[in-house]
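What follows is a single structure, written as structure tokens, with notes after it.
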Amino acid sequence: MGTFLPVSATTIVPREIANLTLPTPYGGWETHAFEWAGSVHLCLCRGRIGDGEDVLVRMHSECVTGDSLGSLRCDCGVQLRHALRTIAAEGRGVLVYSTGHEGRGIGLANKLRAYMLQDRGFDTAEANEHLGFRVDERNFDDIAACLRVLGVRSVRLMSNNRDKAAALEAAGIPVRAVVGLPTAAHARNVRYLSTKQAVMGHHAPMGVPLAEGSGPPPDVASLLGEVRARTSRPYVVVKYAQTIDGRIATATGDARWISGEEERRTSHALRAACDAVLVGVGTILADDPRLTVRMVPGASPIRIVLDARLRIPDHARVLDDDAVTTIVTTSASSAERRAELRRRGVSVVVVPAAPLGVDLPAALEALFDDGVRSVLVEGGAHVITSFLSQGVADRLVVAIAPRVMGSGTDAVNDLGITEVASAIRLERRAVHVAGDDVLIVGDLAS
């Protein structure tokens, strides 16, 4: 638990320096800016405060790397967007955005130094202490004073941090309820979130754990496995949903929805956990997926499409602005089409060709060179088969739905295996339940 500076909230009289309407993608917000002791608190208000009781409030600390740049080392940006959306949906509430709170109060420069220490093995708490700071240097009394000026008398606090609730209570603002703000963990911030829970007492920052045998997603760390460092390619998880008889689509190509909602939430959480999600152009042509994170609070990954001849249509939803998209193609594609896609803000990477498309090892090496360290492969059948047959996958996640379709599209095509003893095996296996579906997961034997 954090310790707070001994400042009495009753002695704080924040100075209002601006009052305006701020238009955002979440609607217009009446915004009051208060200044106190070098910090500026932007209070974004939605609806009427009225009697000031039971106001939905989010106290959000400035995070340039997470809020503005979308850094995956923390959960700040995702929490900020989720809180704005939630308050807007309720129609009444306040989001307080506090400058001077970067890095739990140590400032941007020291936060970056702390990141360097984390790269050497320190956790987020140890890094702050190694630099000579407390784990949390923030004080929330001035935020309480700002809320009081706005007429807030009691709150429902959106936070996983019990210290924030305690600070408001100590400052004389009752906390009627604490509304959790969990996010789907990313492979790059799972240790950070675990430390916040184990060391700083945050409540379930990654959501409800997915227990073996049962339990709801979205905490999918056990499905993702250990993201191991590679020298020339990302860590690759192959994931698909199939019927009991091994089909991923009917004979007519219909695949919506083989699995249930809980399993699809699991898929979205897995997307949020990885740097990139990858499909072949056949999936784009058949299903036109968005490949974004929508069913859980989390960051959408880079969308990778394998498309040897650039058959992707202009109207494909993966070309929208909802997330970054990279298309991996070959020299067989049109140079003019490549240039056209790049003008739309789509990254196009050219790699050598293989007999049936792009050269997978070359594609993975190119992604690795671009900083991608984890990839979730979602299909279709040709892509899944290629990753398994070429031995460039590390982990397999198969969701089995309680359905039988008979004829249809096989999940995996011919792997050239003629003896049972030569079949691909799973090691370190686990079985989970997501709604009506069963998830079988394991590492692919090398």
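Here CG of N160 is found 7.5 Å from OG1 of T183. Values are rounded to the nearest 0.5 Å. Atom CE in M59 sits 7.0 Å away from atom OG in S98 (nearest 0.5 Å). Interatomic distance, H186 NE2 to S71 OG, rounded to the nearest 0.5 Å: 10.0 Å. Between T292 atom OG1 and R271 atom CZ the span is 6.5 Å, to the nearest 0.5 Å. In this structure, CH2 on W257 lies 13.0 Å from CG on D437, to the nearest 0.5 angstrom.
Between the side chains of S61 and R138, at least one donor N or O sits under 3.5 Å from an acceptor N or O. Between the side chains of R303 and T325, at least one donor-acceptor pair of N or O atoms lies under 3.5 Å. Between the side chains of N161 and H203, no donor N or O sits under 3.5 Å from an acceptor N or O. Side chain to side chain, D123 and Y192 fail the donor-acceptor criterion of an N or O pair below 3.5 Å.
Formation of a donor-acceptor pair under 3.5 Å by the S422 side chain with backbone atoms of T418 is not found in this model. With hydrogens and angles disregarded, no donor-acceptor distance shorter than 3.5 Å links the side chain of D410 to the backbone of N413. With hydrogens and angles ignored, the 3.5 Å screen pairs no side-chain donor or acceptor of R92 with any backbone N or O of L56. Without hydrogens or angle criteria, S407 side chain to A251 main chain gives no donor-acceptor distance under 3.5 Å. Side-chain atoms of R85 do not come within 3.5 Å of backbone N or O of H82 as any donor-acceptor pair. A donor-acceptor pair under 3.5 Å is absent between the side-chain atoms of R156 and the main chain of V175, judged by distance alone. When atom types are taken as modelled, the side chain of R338 and the backbone of S333 share a donor-acceptor pair closer than 3.5 angstrom. A donor-acceptor pair under 3.5 Å links the side-chain atoms of R373 to the main chain of F368, judged by distance alone. Judged by distance alone, the side chain of R429 and the main-chain N or O of I440 form no donor-acceptor pair under 3.5 Å. Remark: side-chain polar atoms of R247 are not paired, donor with acceptor, to backbone N or O of T409 under 3.5 angstrom.
The two atoms that bring G371 and R188 nearest to each other are O-NH2, 3.1 Å, heavy atoms only. Among all heavy-atom pairs drawn from A434 and L439, the shortest one is CB-CD1, 4.0 Å.
Using a cutoff of 4.0 Å between basic side-chain nitrogens and carboxylate oxygens, R428 and E226 are not scored as salt-bridged. Note on R256 versus D287: no salt bridge recorded, every NZ/NE/NH1/NH2 to OD/OE distance being 4.0 Å or above.
A side-chain contact (heavy atoms from CB on, under 4.5 Å) with I284 holds for exactly one of L319, V279, I327; it is V279.
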Next on the checklist: Walk me through whether F122 and H130 qualify under ring pair (Phe, Tyr, Trp, His ring centres under 6.0 Å).
Outcome noted: CA-CA 9 Å; F122 291 77; H130 188 79; 4.8 Å; yes
Checklist entry - So R265 and E263, side-chain contact (heavy atoms from CB on, under 4.5 Å) or not? Walk me through it. => result CA-CA 5 Å; R265 289 182 64 242; E263 194 283 325; over 6 Å; no
Item to check | Candidate pair D75 and K196, rule salt bridge (Lys or Arg N to Asp or Glu O under 4.0 Å), full reasoning | outcome: CA-CA 11 Å; D75 55 346; K196 289 211 296 187; 3.3 Å; yes
Next on the checklist: Checking S347 against R342 for the side-chain contact (heavy atoms from CB on, under 4.5 Å) test, could you report, in this order, the C-alpha distance in whole Å, the side-chain angles of both residues, the deciding distance, and whether it holds?
Outcome noted: CA-CA 6 Å; S347 175; R342 286 170 178 146; over 6 Å; no
Item to check | Test side-chain contact (heavy atoms from CB on, under 4.5 Å) applied to V94 and R46, step by step | outcome: CA-CA 6 Å; V94 180; R46 195 58 168 266; over 6 Å; no
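Residue pairs meeting the salt bridge (Lys or Arg N to Asp or Glu O under 4.0 Å) criterion with at least one member in residues 304-317, sequence neighbours excluded: D288-R317, D314-R337, D314-R344.
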Show every donor-acceptor pair shorter than 3.5 Å between a side-chain atom in residues 388-398 and any protein atom, with sequence neighbours excluded, or say none if there are none.
residue: S389; atom: OG; partner: T385; partner atom: O; Å: 2.9
residue: S389; atom: OG; partner: S386; partner atom: O; Å: 3.3
residue: D394; atom: OD1; partner: R230; partner atom: NH2; Å: 2.1
residue: D394; atom: OD1; partner: R233; partner atom: NH2; Å: 3.1
residue: D394; atom: OD2; partner: R233; partner atom: NH1; Å: 2.9
residue: D394; atom: OD2; partner: V236; partner atom: N; Å: 2.8
residue: R395; atom: NE; partner: L223; partner atom: O; Å: 2.7
residue: R395; atom: NE; partner: L224; partner atom: O; Å: 3.4
residue: R395; atom: NH1; partner: D443; partner atom: OD1; Å: 2.6
residue: R395; atom: NH2; partner: S222; partner atom: O; Å: 2.9

